[in-house]
Amino acid sequence: MEESASRGVSEPVLQADRWLTAYHDRFAGFNTVTPNICSADLFADGDNKLLIADMGAEWGKNMQLRVYKGTSLLSEHTLVDLPLAIAPFYMNLPGPKTPAIAVASGSSIYVYRNMRPFYKYTLPALKVAEAELEAWNMVLQEGSDLNVFRDLLVNVLASGESLSAKSEHFLTTSTMSEAETFVRTYGDSPLRRQTVLTTLSAMKKSMHEEDALTCIVLGTENKDIYILEPDAFTVLTSMVVPSIPVMMDITGLFDVDYRILVACRDGCIYSLKRGQKSAKLCIELHSQAVGICARPSLGCVYVGCMDRSLRCYSTQGKGPNKYAQLWTISLDHAIVAMQSVTIKTLGLELVAVCCQDSKIYFHKEKAVVDIVDTGAPVTAVRFGRFGREDNALVFVTKSGALTVKILRRNQTFDTIGSLESSKSAPAITAGNKFIIPKKTKLFVDQTMRERESASIMHRVFQQDFHRIRLIAARHYLNTMQTTGNTQVRGFNGADETKIPEVRITARVQGLGPEFALIITLSCSENTFPPLRNLLVAYSYDSSIYRCERAYRCVPYLPPGLPTSVSIRVTCVSELCVSDTLKVIVALKDCSSPIVTALISMPVAQSV
Amino acid sequence: MGLLDRLVVFLKIKKRQASVLVVGLDNSGKSTILNHFKPDEQKSIEIVPTIGFSVETFKIKNLNLTAFDMSGQGRYRNLWEHYYQDAQGIIFVIDSTDALRMVVVKDELELLLQHKDIKNRSVPILFFANKMDLRDALSSVKVSHALGLDSLCTKSWHICSSNAVTGEGVREGLEWLSEQIQLNLSNN
């Protein structure tokens, strides 16, 4: 490690690999995300199985829940809908304590027990808006005009309410006949408004034991958080968040005390506590969260954001110090997945941050302590018990490969010296208060003056502002008028030079209707500075001729050396008449041409 | 060793003493294998995960063996190296159905072989590719390949597949080990 310190920032030197690659299947073909991986002791034999819900190689096709025992695939279960998240949970049933698996997709949770379909829980239906009901009544009973009906539905949407799936479907019809058919076919089916799940997680009910009764926590598109009882699937508690939940981090027990941190689509994190009905805003991220992982033992929560920052917020303390930002570091690459890594044997709490550069960085607070190269950007990552190994890291990459890595015994995680860079923002510890400088007399006087004569100050400022704009406009106009005969170079107007003389000769080759027009440009030997960025453009009657390119660029015209460009001109006139073609040579960014030539084209031979 | 002692050994009157170390990952069957050498009345019916270690003594081919049955759980593996010094033989038990952790086995074996108390001594190592009766078990050849035993030339080693529940293959393996230990003892 000393060696790495001496090398400094240039290249981080890693210790011998801490991770053993236990399994790598490059052709597993997974398309999945972090919430879709979990491990569970399915048969209560001490051997944790790995469960991965696959979203299908082509989205929404051939979706499967695959169960791995060690390195072999134990079973595959076809899923009916796109999986959102899976979670193992323990029910209060007689017999051996085996977990059931909850697969969230669409607006339902599919529960598997002993890897057999066991129960389907569907979210409670929502109230249909009055106006929407009325509108449907009108069109069905009174047979009112469909255009009026459509407007009514749009009004419902405009008033901020959401429509049932049936009405939304109706609004997508494009033609009148289609709309009529739709109303005739589906008019009688009941109006139901159904929301969809956005996140799913699990929370122990009253005991921390691995196989203790577990509640299911879910978030919906309707901004609700529900906590379900696992035996009867009744809603124990429902709570509301101000925005649509995206991910949750749960600590505590349902019966004792718990806190749910909910990252929402509005870029804020809200907290929910036992007994609260609505959420409290705690962190404004000003960016979207990619991963959130709470560290109750350290009293903080790590949040990875889309603006390439990893942030840490305090979850302890009171008042303004609670949820104060402890530190933030900006990473070189975008974060794609996050996972908390707890190594019990070492007493370590790390966070694994997967970045776009195909690496997993293990952060111990701000410092990077280990890097794992994954070959392709990671899409899903889990750390935990797999098989009989407690410290297993499972990840799926964008290429669909599945890899299982096992932490070697007796590893120490030291800071990779060079990576603890100075990029990190100054730390604000939770206990410190902001240091506000004392108010000076000058400051107070200035404030008073500003308060008293605010309108005068504003007027004076506006006057000066308009004046400066007028001056700027005058100068602009002046410049525009003078550039007609001189060329303005750079920012200093004094550097105006006479444009050197350019000679032009042109030859036309071919019989037609295709001609090759060769234009030769030259300038005298003592031209200084040499001409750069010349444009050769053509002007012609587009009903007779067609050029393959509108202009050609001559990047450099060496003094004394003729430079030629050739252009293919096609006579498109059916009568094969001939016409003149004008060649214009101009400097780039200059409105007037340097030289023009009029070329009379020969009569094209008909094909 | 005096002349009388040699004579005693030659006449197989007195048995020699040796201690062996039984290591391997958790749930590989170390305690179950040793259970076979216990007298019938001491045999345990249910084997539970060993905590720390336990000591068994048994006789095999004129050799009194003291076996240190080490716990294979991750947190107890640090204990192994403290017993290397006194061990005259090592039994390494491998769960041949656990393909996932074969890399962990390999890693542990490398740590063992590189340890200063093992590296420069002639210690015979007996590998048991255990649980051979199970359906997805790897053969002993595959296990030895996975562990890279073919390149292990500094130690005398032997691998045999076994079934610790029925005792198949266990005695044969132990007989090889006792021969090796006796060879080592008489060379010294």
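Reminder, nothing fancy here: chain letters follow the sequence lines and each chain counts from 1. Values below: all heavy atoms of this structure, side chains included; hydrogens, waters and symmetry mates excluded.
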State whether the number of non-hydrogen atoms from other residues, nucleotides or ligands found under 6.0 Å of [X] atom [atom1] is greater than 12.
X: B:Arg121; atom1: CZ; answer: yes
X: A:Lys398; atom1: NZ; answer: no
X: B:Gln85; atom1: CD; answer: no
X: A:Glu210; atom1: CD; answer: no
X: B:His82; atom1: NE2; answer: yes

When heavy-atom pairs shorter than 4.5 Å are enumerated against chain A, which of B:Met102, B:Arg101, B:Lys106, B:Arg75 gives the highest number?
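Looking at each option in turn, the highest pair count goes to B:Arg101.
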Heaviest contributor of heavy-atom pairs below 4.5 Å to chain A, chosen from B:Asn78, B:Asp136, B:Asp98, is B:Asn78
Only one of B:Leu111, B:Val104, B:Asp107 passes side chain to side chain contact (heavy atoms under 4.5 Å, CB included) with A:Arg409, and that residue is B:Leu111
Any side-chain heavy atom of B:Leu100 within less than 4.5 Å of one from A:Glu389?
no
What distance separates B:Gln73 CD from A:Thr345 OG1, expressed to the nearest 0.5 Å?
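Separation between the atoms: 12.0 Å.
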Proximal component of A:Phe386, with respect to chain B [non-hydrogen, under 4.5 Å]
both
